[in-house]
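Here's the structure we're looking at; comments come further down.
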Amino acid sequence: MCRSRPYRSRVRSRLCAAIAGLTAALTVAGCTTNSVPGTAPAAKGTPDAAAALPNLRREDILWLERVSFGLDTAGVAQYRRIGREAYLDRQLSAREPALPAPIAAQIDALQVTHVDPTRVLADVTAQYKAINAVADGPDKELARRALNDQGNKLAYEAIRRDLLRAVYSPAQLREQMVWFWLNHFSVFKDKASLRWLIGDYEEHAIRPHVFGKFRDLVLATLAHPAMLQYLDNNQNTAGHLNENYARELMELHTLGVNGGYTQQDVQNLARVLTGAGVNAGDAPRLKPELESMYRRSGAFEFNPARHDFGAKTLLGHPLEGKGFGEVEEAVNLIVGQPACARFISRKIALYFVADNPPPGLVERMAQTFTRSDGDIAAVLRTMFLSRELAAELGGKFKDPTRFVVSAVRLAYDGRPINNTRPMVNWLNGLGEAPYAHPTPDGYSLAEVNWASSGQMSRRFETARLIGSGNAGLFDPEDGGPATVTGFPQLANRLYFEAVEPFLGARTKDALARANSQQEWNTFLLSSPDFGYE
Amino acid sequence: MNRREAIKLGGAALASAGITGRLYAAPATGPRFLLVFLRGGYDSSNLLIPYSSSFYYESRPNIAVPRPDSGSNTGALALNADWALAPSVRESIGMMYSQRQVAFVPFAGTDDLSRSHFETQDSIELGQITGSVRNYRSGFLARLSSTLAGAPNGGASIAFTDALPLVFEGVATVPNLSLKNVGKPTFDGRQARILSDMYTGHRLEGAVSSGLELRQEVAQEIADEMNGANRNAITTKGFELEAERMGWLMRDKYRIGFVDVGGWDTHVGEGAAQGTLAGNLGSLGRGLQVLSQSLGAEWSNTVVVVLSEFGRTFRENGSRGTDHGHGTVYWVLGGSINGGAIIGTQQRVDPNALFQDRDYPVLNDYRAVLGGIFRSMWGLSAAQSAAVFQQTAPIDLRLV
């Protein structure tokens, strides 16, 4: 092995020549410079004036990695230009920036972007009914499978849209929060009609509220058919209680298992929630005195005829029986508990700061939560500018989603992919497939659940899949021939600017021992430097 | 050179190539436990057939397994005056039963009445008190592993699955590797060494090196098998192949294992003596037999429990299948168990016996059954047993 001249640079020049020869249209970031490995990147001949700006320190890069799903050139450049606080302000902005045009076009072409979920649900419900009326047998099974396949197609589109945004949206913190809240208010696509609903759930229950008031997020998920079906509240009616959702609403969504509520509170909250269900069809016929209390929004329904109007006590507070107003009152009561402020703050810190978040930081985040009436952006601001976060930089293990998305971001650096199936396959293999966690607790946010020996091996194998070629990322989803292609360009300018200067000695040593560009890519993506942020 | 020597040599070669040889350092003898989870709710009534019950035959006009016929070598195998074994497992499990290496526990299961796959699988894997607040980060095999950590007869755990199952949630160090499709190792020795070197001194050093090592070892074992002069004429496949590999790994390193097998949700056309279910049972039975062989001498230290989240409806449904039920039949296998018996609390199979006029009742709680087996296998104290299954008195079925 040639030790005097690391393989990386040899491979890089050869590769650049080869790719440039293949297609002139290809963006080959990093190929224009010819820097000697180990020296600072040269920015000569590039359009932006990055060279005039201060070089980034390791902690800047790591902070940027926490805020985002991983580095890309645009994000690094913007951070350099405007600095940390302004960068954070833009990331927390309520306005959603435009996606790159080719990505926006891909999303616009999806059926899931345009369907009316209520109509779809009505249609699917009718089809299921028709299928159930058919005599049992192979035909029935086939019809059911065909219907589910339709749903699976729509669910995949929702996942595709989600992944495209995660990789390409400039609003990286927003996208991470979409993932975080989807996981916090986790639903499972294979239950009931959720295949048809998850796209709308993300779009209308989660996405508009990711930086808003926590209460609104709880109410939006509560009033979404996906959640009501998933946790069986559509079957929770006066006299026939189903506690499933009531319990999870307090245990998993707001207060935490030791959040100070009792079994009696669970039952009483279940009573409060009676009547909140799903109806994609006609409104029920109601007694005149109940009509004014009926609520309907899309396929969400509050049906007073199914509601328990008896007086209740929740968390020590009396609740008058008055219909859906009770639900809003109960949610206000719950999210106003100090336990909720702490539970939510701690969970956010668990995702962004450390597996054991510093209690002092959690306390300050909880204070912000309480002071701001549950303003999520304010809580995030407290966290991202804290010294505790700064002290934890570099120590957070990337869960599979962060790993895969950050790898694709670094490898293609803004270059639009056409096909997200390979990403979904990688996430499946790594055990964090989108919308596929069956239990309502969502995926773990802690290293311990992702870094077992089998999982580390699988991660390295995935690194190899990502690093060894385009893996089908440029094959059109419709199965047509690829008109563009790409190769993972990990040794790109972004790498030399923002990754290489901070690599540990052992990783550098491994990279120097690589025998090919593919191997080099694999080692970089497998390294602890890449695996942690 | 026999296979075992070849494997050892392979290990030595790996060790000299820089992959540590820890896998081969501790093949000490001692108790081994494997849990086989049949996901989907297998139809136990067509595995262990209550052939003395005319009600069984009335309930299943299309899918009943015919009564044993003493003149036949291929029909159901009578195990005693009431129960017979499905013909599909006659050659495998039936043979082992006659060697007292298999016992069945009918009317076994949980007190979870949801009849939901998802709910009930979870509740079994967690092994917590039904109806209590679930702790999704604490599976019962994880608690057993923790309880045995550091004990002289304890040892490593492994899940032979793609993802770490709930049953092992809570223990950081349990490796998981599905043995279904183990091809050539992704990395050669040099690459594995480079990958491991990156983590020297890192907190994941152990996980990284043992994970890569496990991949290499499994690949090596398989390569040896492929190259061995005495390899089976018949190529094992499917679950048999998986089971054979599990046997090697359990023999050489692991003390507590888990694997799941799917395909049991037979709502439609499940078949009788032959058919879908019989095919699945046959494959499972042959796999378990292969496992017993590949464990070698350690088979006599091994206990395998086969269970499913629930049984199925006693009566067949309108599509020659069965729907979700309640009580089921657990299998207990091992080289030195007191097998060849149908054990646990039982009752006659007649219409009055059905739970909710639908399925088998549960007379043998899974926690008590498993807790009793663990207690005997490892000599657990009352406190240790309680750490695995809270508020459950282990029952001693005198199997182990």
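- Proximity to chain B is limited to the side chain of A:Glu141, based on heavy atoms less than 4.5 angstrom apart.
- The two residues A:Met456 and B:Tyr199 make their nearest non-hydrogen contact at CE-OH, 3.9 Å.
- Summarising the geometry of B:Met198 relative to A:Ala510, their closest heavy-atom pair is CG-CB, 3.3 Å, with the distance given to 0.1 Å.
- Considering CG of B:Leu212 and OG of A:Ser457, their distance stands at 4.5 Å, rounded to 0.5 Å.
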CA sep, side-chain torsions, deciding dist, call: A:Ser444, B:Arg137, side chain to side chain contact (heavy atoms under 4.5 Å, CB included): CA-CA 9 Å; A:Ser444 169; B:Arg137 303 274 177 255; 3.6 Å; yes

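- Here the closest non-hydrogen pair linking B:Ala207 and A:Ser452 is CB-C, 4.2 Å.
- Scored by the salt bridge (Lys or Arg N to Asp or Glu O under 4.0 Å) test, B:Arg203 finds A:Glu447 as partners (sequence neighbours excluded).
- Side-chain contact check for A:Asn515 versus B:Arg190: some heavy-atom pair is nearer than 4.5 Å.
- Surrounding CZ of B:Arg60 are more than 12 heavy atoms belonging to other residues, nucleotides or ligands, all under 6.0 Å away.
- Note on B:Ile158, B:Asn317, B:Leu204: by heavy-atom pairs under 4.5 Å with chain A, the leading option is B:Leu204.
- Chosen from A:Gly137, A:Ala463, A:Ser527, the residue pairing most often with chain B at heavy-atom distances under 4.5 Å is A:Ser527.
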For residues 124-132 of chain B, which side-chain donor-acceptor pairs fall under 3.5 Å, sequence neighbours excluded?
unit_1   : atom_1 : unit_2   : atom_2 : d
B:Glu125 : OE1    : B:Leu166 : N      : 3.1
B:Glu125 : OE1    : B:Val167 : N      : 3.0
B:Glu125 : OE2    : B:Arg39  : NH1    : 2.8
B:Glu125 : OE2    : B:Arg39  : NH2    : 3.1
B:Gln128 : OE1    : B:Asn135 : N      : 2.9
B:Gln128 : NE2    : B:Asn135 : O      : 2.7
B:Gln128 : NE2    : B:Ser138 : O      : 3.0
B:Thr130 : OG1    : B:Asp111 : OD1    : 2.5
B:Ser132 : OG     : B:Ile129 : O      : 2.6

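- The aromatic rings of A:Phe460 and B:Phe187 stand perpendicular to each other, their planes meeting at an angle above 60°, with 30° marking the opposite boundary.
- In this structure, B:Arg315 places its CZ atom where more than 12 heavy-atom neighbours from other residues, nucleotides or ligands lie under 6.0 Å away.
- Annotation: side chain of B:Gln191 is not in contact with side chain of A:Arg513 (no heavy-atom distance under 4.5 Å).
- With a threshold of 4.5 angstrom between heavy atoms, A:Asn449 approaches chain B through side-chain atoms but not through N, CA, C or O.
- Shortest non-hydrogen contact noted between A:Glu251 and B:Arg134 is OE2-O, 3.8 Å.
- Summarising the geometry of B:Thr200 relative to A:Arg506, their closest heavy-atom pair is O-NE, 3.1 Å, with the distance given to 0.1 Å.
- For A:Arg459, no part sits under 4.5 Å from any heavy atom of chain B, backbone or side chain.
- In this structure, the side chain of B:Thr186 does not engage the main chain of A:Glu461 through any donor-acceptor pair within 3.5 Å.
- Here the CD1-CG distance, from B:Ile194 to A:Leu511, works out to 9.5 Å after rounding to the nearest 0.5 Å.
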